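Here the structure comes first, spelled out in structure tokens, and everything after it is commentary.
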There are 4 protein chains.
Amino acid sequence: MTENDVLSSVKNQALIEKRRNQMIKGAITLFKEKGFHRTTTREIAKESGFSIGTLYEYIRTKEDVLFLVCDSIYEQVRKRLDAKINLEKPTIDNLLNVIRSYFELMDEMQEEVVIMYQEVKSLKKETKEYVLQKERDMVGMLEHVIVTCLPDQLSKKDAELIANNIFIQGQMWGYRRWMLQKHFTLEEYIEKQIYYFKQSLSISI
Amino acid sequence: MTENDVLSSVKNQALIEKRRNQMIKGAITLFKEKGFHRTTTREIAKESGFSIGTLYEYIRTKEDVLFLVCDSIYEQVRKRLDAKINLEKPTIDNLLNVIRSYFELMDEMQEEVVIMYQEVKSLKKETKEYVLQKERDMVGMLEHVIVTCLPDQLSKKDAELIANNIFIQGQMWGYRRWMLQKHFTLEEYIEKQIYYFKQSLSISI
Amino acid sequence: MTENDVLSSVKNQALIEKRRNQMIKGAITLFKEKGFHRTTTREIAKESGFSIGTLYEYIRTKEDVLFLVCDSIYEQVRKRLDAKINLEKPTIDNLLNVIRSYFELMDEMQEEVVIMYQEVKSLKKETKEYVLQKERDMVGMLEHVIVTCLPDQLSKKDAELIANNIFIQGQMWGYRRWMLQKHFTLEEYIEKQIYYFKQSLSISI
Amino acid sequence: MTENDVLSSVKNQALIEKRRNQMIKGAITLFKEKGFHRTTTREIAKESGFSIGTLYEYIRTKEDVLFLVCDSIYEQVRKRLDAKINLEKPTIDNLLNVIRSYFELMDEMQEEVVIMYQEVKSLKKETKEYVLQKERDMVGMLEHVIVTCLPDQLSKKDAELIANNIFIQGQMWGYRRWMLQKHFTLEEYIEKQIYYFKQSLSISI
DNA sequence: CATGAATGAGGCTTCATTCAT
DNA sequence: GATGAATGAAGCCTCATTCAT
């Protein structure tokens with residue numbers, strides 16, 4: 001199960017790509033506003049700029065749209081995070097910068113992250129597993145940076161836990177903005193989280 | 001907007017309480033399984049042990065059920081957490097015990113927490129605000145314990161951040177169990193989180 | 001089929017009378033506002049001052065209420081019209097006074113008349129026939145006055161037609177008030193109708 | 001609010017026209033039989049020859065059907081009446097012919113008129129106002145013919161009253177057929193009404 | 001007699017999906 | 001490839017009526 005497994009009756013691959021991107025963009029706009037369940041396929045078609053008939057030329061079920069959306073968001077996050085990671089200089093500063101970048105990324109993609117967070121559960125088992133694997137990969141990326149950049153050896157488990165903590169702290173910024181963003185600016189939030197992160201690993205300034 | 005604002009055409013208060021509890025119980029069972037949107041009112045009625053007509057004697061819309069469910073879960077968590085908090089001895093050990101209890105609570109109520117986490121968004125603005133206030137209250141409880149039990153003064157903001165971190169680490173245990181519970185037992189998870197919590201606040205053993 | 005054929009499980013006749021009067025009064029209030037179909041039996045019970053259970057002690061179906069209402073309105077109109085008719089002095093003036101009285105009555109009972117006009121059709125064949133007979137009787141009363149008070153002999157048919165014309169001119173005052181009552185006062189309406197009535201029968205002033 | 005304000009999700013105007021005509025025809029058949037409230041949307045769809053889903057492609061609520069039906073009936077009556085009116089020769093004979101035609105029209109459209117008479121009240125305020133305006137227009141047409149064709153000047157009010165009288169005498173023929181059509185043929189009814197009409201205006205033969 | 005909780009058939013409407021053009 | 005009209009299963013909710021207390 002990958003995004004290429006979403007069957008389309010159209011043959012022209014370039015067109016498929018183009019239409020799906022329109023569709024994903026349209027769907028995200030709508031999902032942000034009203035969630036997956038309250039958005040109709042007709043609305044998605046309209047927002048995407050084509051007819052309901054055309055929509056169904058590129059997907060088979062409404063769930064396919066959700067899958068494409070989730071997949072697309074994950075891919076975007078993953079790619080952008082990946083771009084920030086440079087392990088040639090495995091220093092603590094490098095690690096901290098990755099974490100900062102990750103938080104900033106989560107800020108920029110708040111709404112998308114919220115969609116994923118709330119709607120992934122509506123995917124059916126198989127596709128959900130595929131998407132969650134991407135999440136595991138991303139946590140794995142963080143974990144890898146942590147292990148690589150820290151001088152003291154952390155156990156695999158500790159690294160995993162810490163990676164998860166950072167991961168959800170990033171998501172929390174967007175997901176719980178109603179709670180946090182009234183009292184913190186992004187910079188404050190990042191610096192405080194970084195501070196406690198360093199403390200927790202006894203990293204001296 | 002409180003749970004008493006969900007209108008019922010039945011007058012007997014004790015009966016309302018009883019039926020609503022049946023309803024909440026039934027609904028939670030179903031929401032665990034298939035989520036709010038995929039559960040029908042008829043299924044809720046059936047699972048609750050009465051007819052669709054009776055269901056609607058105690059609520060007015062399907063969303064009322066969701067509200068009652070969310071409200072009930074929050075109340076339960078809040079009460080049980082409250083019971084664990086004893087500020088007569090504001091020691092660090094006491095604080096750590098509260099945190100441990102909170103994690104254990106989140107473990108016991110995993111499924112309920114997942115429901116809330118995913119479905120609160122389907123409430124309409126007004127009731128959502130009411131429910132989220134309960135979440136703020138709970139974070140506030142943690143924050144209060146932290147401030148009270150720590151010898152060194154933490155700023156309000158730092159306390160708030162830390163309380164939020166703990167709060168979501170608790171939720172994460174249930175919400176991301178597919179990621180965590182393969183590699184950690186509850187005890188491991190708790191002890192590691194407690195360990196890093198102490199580190200981050202420079203609390204010596 | 002008479003109003004005594006609406007079965008009641010209550011034995012006490014005086015009580016039946018009392019309750020039915022409450023019920024008719026309540027129902028008329030509601031029917032005026034929203035019509036028969038949009039009024040629920042619960043609303044009728046409430047407006048009548050007793051419970052839904054009690055309502056059903058005195059009727060068997062919702063349609064029974066409509067029947068009692070229609071029957072009651074007809075009876076009221078009939079009685080009040082009857083009271084105005086005095087055939088001891090069968091003069092033209094007497095006839096004109098009856099007609100005036102009838103128009104005034106229709107003005108006073110506008111709303112009730114509208115109910116009947118619109119809802120009788122919802123009665124089932126049998127009871128409708130019974131109610132319509134009352135209408136025939138009333139037209140018959142007018143017809144009788146006409147025949148009796150006019151010096152020149154009118155054929156039966158002509159009398160019937162004229163009685164019907166007057167009858168619906170009276171109803172029209174209430175039923176088409178949105179059209180008439182903007183431009184006419186009741187007095188104007190009556191005097192003009194009387195004027196043309198006299199003209200049509202070549203009655204000199 | 002006009003019949004074009006009934007929203008349809010179908011774009012092809014010709015098709016909308018066609019389907020709405022089917023729908024109106026089907027609905028009238030059913031409303032004649034059981035009235036608006038006792039007719040279900042599914043029955044309307046079936047009688048119209050398409051599925052319930054298709055029905056709702058052309059309307060938004062059941063009330064829309066009622067509106068279309070009422071509007072269509074009024075339009076038909078108005079057009080047919082209009083076609084009978086020829087004011088090039090504003091003679092009394094011409095006036096009498098218009099009245100005759102109107103009565104004949106009411107005879108042909110008895111059932112439709114009954115529907116309107118009984119169901120317009122179920123429209124909501126706004127659409128009801130629109131439909132009643134059409135009724136005012138029709139009465140206005142009669143009024144205009146009366147004023148134009150009569151040699152002696154009638155006051156505006158007198159013309160209005162007389163137009164209303166004729167208007168409801170026409171409706172009465174259908175609406176009170178249970179009373180009238182047992183004793184009168186249409187021709188008798190018309191001739192007698194015309195006779196009294198002439199009398200009332202002192203029109204000599 | 002009075003009450004009101006319980007029932008469930010049935011009504012209106014939505015919307016994912018198909019398919020002829 | 002694109003369109004959009006057609007479909008009907010299925011969802012939410014109402015309300016007349018019953019019956020145990």
Side-chain angles (χ1 to χ4, degrees), chain A residues 8-12 15-16 19 37-46 49-65, chain B residues 8-12 15-16 18-19 37-46 49-65, chain C residues 8-12 15-16 19 37-46 50-65, chain D residues 8-12 15-16 18-19 37-45 49-65:
Chain A
S8 164
S9 53
V10 174
K11 301 302 167 200
N12 181 334
L15 192 53
I16 292 181
R19 290 277 182 258
H37 279 106
R38 294 200 203 282
T39 301
T40 69
T41 50
R42 270 159 155 83
E43 287 170 326
I44 295 170
K46 191 172 182 187
F50 36 70
S51 72
I52 183 67
T54 300
L55 180 70
Y56 274 88
E57 294 285 318
Y58 295 91
I59 54 160
R60 273 199 316 191
T61 69
K62 188 186 174 191
E63 213 209 273
D64 284 347
V65 180
Chain B
S8 165
S9 51
V10 172
K11 299 176 177 177
N12 182 332
L15 191 54
I16 291 180
K18 179 181 160 198
R19 292 281 180 255
H37 280 105
R38 294 200 203 283
T39 301
T40 70
T41 51
R42 278 211 246 283
E43 287 170 326
I44 295 171
K46 192 170 183 190
F50 35 68
S51 71
I52 183 66
T54 299
L55 179 70
Y56 276 90
E57 292 278 308
Y58 294 92
I59 54 160
R60 272 203 315 193
T61 69
K62 189 187 174 192
E63 213 209 274
D64 283 346
V65 179
Chain C
S8 166
S9 52
V10 173
K11 302 301 167 200
N12 181 335
L15 191 53
I16 292 181
R19 291 278 182 256
H37 279 104
R38 294 199 204 283
T39 301
T40 69
T41 51
R42 271 164 158 76
E43 288 170 325
I44 295 170
K46 192 173 182 187
F50 37 70
S51 72
I52 183 66
T54 300
L55 180 70
Y56 273 88
E57 293 286 317
Y58 295 91
I59 54 160
R60 272 198 316 190
T61 70
K62 189 187 174 190
E63 214 209 272
D64 284 347
V65 180
Chain D
S8 165
S9 50
V10 172
K11 299 176 177 176
N12 182 332
L15 193 54
I16 292 180
K18 179 181 160 197
R19 292 280 180 257
H37 280 105
R38 294 201 204 283
T39 301
T40 71
T41 51
R42 277 209 247 284
E43 288 169 327
I44 295 171
F50 35 69
S51 71
I52 183 67
T54 299
L55 179 70
Y56 275 90
E57 291 279 307
Y58 295 92
I59 53 160
R60 274 203 315 194
T61 68
K62 189 187 174 192
E63 213 209 274
D64 282 347
V65 180

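In what follows, chains are A, B, ... by sequence order, proteins preceding strands, each numbered from 1. Here the structure is a predicted model, which is why all the values come from computation and not from measurement.
Ranking dA5(E), dA5(F), dG8(F) by closeness to the Ser51(D) side chain, first place goes to dG8(F). Taking the side chain of Val10(B) as heavy atoms from C-beta on, and the options dA5(E), dC1(E), dA6(F), the nearest nucleotide is dA5(E). Side chain of Leu15(D), nearest nucleotide from dA6(F), dC1(E), dG4(E): dA6(F).
Side-chain atoms of Leu15(A) and Tyr58(A), non-hydrogen and from C-beta on, do get closer than 4.5 Å to each other. You'll find the side chain of Arg19(D) stays beyond 4.5 Å of the side chain of Val10(D), heavy atoms only.
A sub-4.0 Å separation between OP1 or OP2 of dA5(E) and a side-chain N or O of Asn12(B) is absent. Considering only side-chain N and O atoms, Tyr58(A) lies nowhere under 4.0 angstrom from the phosphate OP1 or OP2 of dG1(F).
Contact annotation for Ser9(C): no contact, since no heavy-atom pair falls under 4.0 Å across all strands.
A parallel orientation is assigned to the rings of His37(B) and His37(A), their planes being inclined by less than 30° (bins at 30° and 60°).
Side-chain atoms of Ser8(D) come within 3.5 Å of backbone atoms of Glu57(D) as a donor-acceptor pair (strictly under, hydrogens ignored).
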(request) For each nucleotide in nucleotides 12-21 of chain F, reading 5' to 3', give B when a protein heavy atom comes within less than 4.0 Å of its base, S when such contact involves only the sugar-phosphate, and - otherwise. (result) BBBSBBB---
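For the strand DNA chain E, secondary-structure stems (runs of at least three Watson-Crick or G-U pairs, all distances below 3.5 Å) span E:2-21 with F:2-21.
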